[in-house]
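Below is one structure, written out as structure tokens; comments come after it.
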Amino acid sequence: MAQARVGIDVGGTFTDAVLVDSDNRLHIGKVASTPSDISVGFVRGLDVLEERSGIAAGELTYLAHGTTVATNAIVQRRLARSGLITNDGFRDLLEIGTQQRAHIYDLWTPEQPAVISREHCHGVRGRIAPDGSELQPLSEDDVRAAAAALREAGAESVAVVLLFSFLNPAHERRVRRILAAELPGVPVTLSCEVAPEIREYLRASTTALNASLLPLVGSYLGRLAEVVAARGVAVPVHLMCSNGGLAAARAAAELPVALATSGPAAGVIGAARLGALAGESDLLTFDMGGTTADVAVVIDGRPEVRHSGVLNGHPVNLSQLDVLCVGAGGGSLARVDEFGALLVGPQSAGASPGPAAYGRGGVHPTVTDAHAVLGTLSESRSLGGDLTIDPEAARAAVQREVAGPLGLSVEDAAWAILRVANANMAAALRLVSVARGHDPRRMALVALGGAGPMHGCALAEELDVPRLLVPPYPGVTAALGLLLSDIRYDIGQSWVRETGRVGEAALEEQLAALTARARELLAQTGHEEDGQLEFSADMRYLGQAYNLTVPLPPPPVTAGSTAEAERSFVEAHRKAYDYVLPDTPTEIVALRVRAVVPAEPVVWEVAGAGRDDAFLGRRKVHMNGEWLECDVLDRARLGTGDLVHGPAIIDQEDTTTVVLPGWQAETVAAGSLLLTRRDHA
């Protein structure tokens with residue numbers, strides 16, 4: 001069978017689809033997302049690819065999927081009715097949380113409500129000690145009473161979080177067996193399996209989120225399997241996870257909280273791979289879609305990873321790419337508040353009704369409408385296959401809600417909308433770069449998403465970044481990233497030991513247990529033996545509250561294994577904090593293993609007749625506060641090495657690239673555009 005690999009990424013506004021065939025041809029599709037049933041948009045994406053490539057769904061050899069189903073459920077709080085079983089006296093664990101507050105001095109803004117309400121939290125007697133021994137036997141009667149209460153409340157899933165279960169999971173596993181008998185068919189999530197690490201609130205929050213997502217994501221994946229099978233697809237579906245790797249659908253269904261930043265992670269992976277092909281290894285990635293802008297950092301070709309994060313105010317203790325999302329997309333709404341200040345986002349027009357310029361009933365001005373007013377988007381172009389631009393509808397919306405209230409012309413109001421949006425995104429880029437010790441002036445900015453290339457040059461100037469990389473199809477780079485991503489599983493286990501006192505046999509035993517779990521997950525994808533394992537450890541100085549993750553030599557463990565990890569920790573601490581504590585002992589806090597099956601190389605042909613053939617004409621576009629006569633070019637006709645000098649507009653099916661005055665663009669490896677400031681070239 002000829003190779004036909006497909007990636008489909010479902011976003012808040014558009015569903016993006018990419019197919020690479022056996023002749024190395026790249027086919028793309030972009031359709032409107034269907035929020036009421038996102039599997040409908042998924043199938044439409046498959047249909048578009050089949051129409052454009054001539055390859056039937058039954059001929060596919062690989063299918064990867066990025067989804068927003070978990071993200072949207074958390075943000076919109078469309079979670080399953082769940083219950084929590086924890087230790088007696090700890091039923092308020094989720095309500096109390098920590099002393100960290102999102103709004104330190106704001107006494108009026110309420111904190112996010114707990115994922116599971118207090119009336120559905122139940123304490124049971126029984127206690128595991130901090131050393132893993134049993135202090136008090138588990139009261140099975142208490143568990144049955146809790147099950148009865150949850151049955152009465154109509155619980156659709158249950159989270160089980162008991163103290164020190166990461167050291168001794170016996171009580172949690174016994175609770176699951178009792179619940180299986182008392183609540184047949186109700187899924188149960190154990191903290192010892194989801195997040196077996198210290199800090200009970202973080203573990204409880206992660207477990208509660210996973211439990212609350214299980215019915216929803218399970219239902220979606222079941223429905224997706226049905227529609228995919230009905231289309232004749234014979235290969236399994238792989239899901240993009242927050243850690244930047246793909247997982248088998250079965251594993252993803254058991255750990256749906258790991259899908260929370262599925263789409264943004266795929267975009268970062270795609271940017272990193274394309275950056276490497278263009279000779280850029282240190283990157284700032286900027287993915288601006290219809291609803292959000294997602295920013296991240298790639299160092300030496302590897303995206304930055306963190307082992308905890310926050311989703312809509314709820315901590316999640318899982319490995320994930322370090323992606324920061326801000327409410328600044330093409331559909332972000334612009335408005336003037338009661339104090340006369342112009343605000344852009346985080347509210348969005350979404351896929352329906354969308355910006356006013358789309359002519360689908362939207363009446364409020366958005367970032368896309370500002371571009372339509374300023375001529376960046378032409379009314380002669382279509383977006384997402386069937387969407388056309390209506391500049392007059394965009395002008396009316398901007399005039400009514402921004403220009404009029406501020407006493408500005410429509411053009412000045414539209415330009416102000418773009419400047420505010422750029423300021424929001426520049427602040428996010430500084431947060432992931434400058435605030436974390438990275439100098440953006442030594443990096444390249446990668447502009448992704450349907451709206452990213454329209455803002456790339458302006459943001460690069462704001463951050464003094466000398467180079468901007470625009471992928472061949474920025475609007476579907478997340479979908480392309482799905483085909484460039486490894487199969488990956490991250491497993492962690494708390495194991496607190498002073499480094500100098502770690503025994504070789506004890507460490508070997510712990511790593512063996514992690515290895516067995518990794519091999520089990522790899523077996524689900526048919527790669528039990530050929531997966532690569534990478535080991536690491538969370539370490540800190542004795543007395544510190546937080547830790548750094550450093551490489552750990554793989555088994556077999558030797559006397560030098562922990563010494564090498566300690567040296568790595570000291571260097572990591574110096575880089576992160578600019579000091580070390582030479583007379584302070586260190587300790588291991590957690591052990592980690594990453595199981596990786598490298599992605600198959602994906603290449604595609606880049607065809608283009610040349611710059612002269614690509615020239616479409618000239619039009620006036622508002623740039624940097626003035627109207628300029630710009631060359632307009634068709635990107636599909638540009639050949640490798642072709643130069644385009646700004647001011648210019650480069651149009652393509654899925655996006656528009658704005659080349660500001662003082663910039664030049666050149667087609668480089670894999671069809672990417674490399675934009676450089678002529679004073680830096």
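Keep in mind that this is a model prediction, so the values were computed, not measured.
Here Asp538 pairs with Arg592 under the salt bridge (Lys or Arg N to Asp or Glu O under 4.0 Å) rule; sequence neighbours left out. Applying the side-chain hydrogen bond (donor to acceptor under 3.5 Å, both in side chains) rule to Asp9 yields no partners; only residues at least two apart in sequence or on another chain are considered.
For the 3.5 Å distance criterion, the side chains of Thr207 and Asn210 fail to qualify, holding no donor opposite an acceptor. Between Asn624 and Glu626, the side chains place no donor N or O within less than 3.5 Å of an acceptor N or O (distance only, hydrogens not considered). Glu401 and His364 share a side-chain donor-acceptor pair at under 3.5 Å.
Geometrically, Arg306 does not engage Tyr546 in a cation-pi contact, judged by NZ or CZ lying under 6.0 Å from the ring centre and within 45° of the ring axis.
Within the structure, side-chain hydrogen bond (donor to acceptor under 3.5 Å, both in side chains) contacts touching residues 446-457 (residues at least two apart or in different chains) are His371-His455, Asn422-His455.
Looking at Ser332, its side chain does come within 3.5 Å of a backbone N or O of Gly329 through a donor-acceptor pair.
Val434 has its side chain out of reach of Asp439: every pair of non-hydrogen atoms, C-beta onward, lies at least 4.5 Å apart.
No more than 12 heavy atoms of other residues, nucleotides or ligands shown are found within 6.0 angstrom of CG on Asp578.
Taking 4.0 Å as the cut-off between side-chain N and carboxylate O, Glu534 and Arg488 do not count as a salt-bridged pair. Using a 4.0 Å cut-off between charged side-chain N and carboxylate O, Asp464 and Arg677 make a salt bridge. Between Asp486 and Arg273 a salt bridge is recorded (basic side-chain N to carboxylate O distance below 4.0 Å).
Residue Asp300 holds its CG atom at 5.5 Å from CG of Asp282, rounded to the nearest 0.5 Å.
Of the listed residues (Leu239, Leu259, Leu246), just one forms a side chain to side chain contact (heavy atoms under 4.5 Å, CB included) with His65, and that residue is Leu239.
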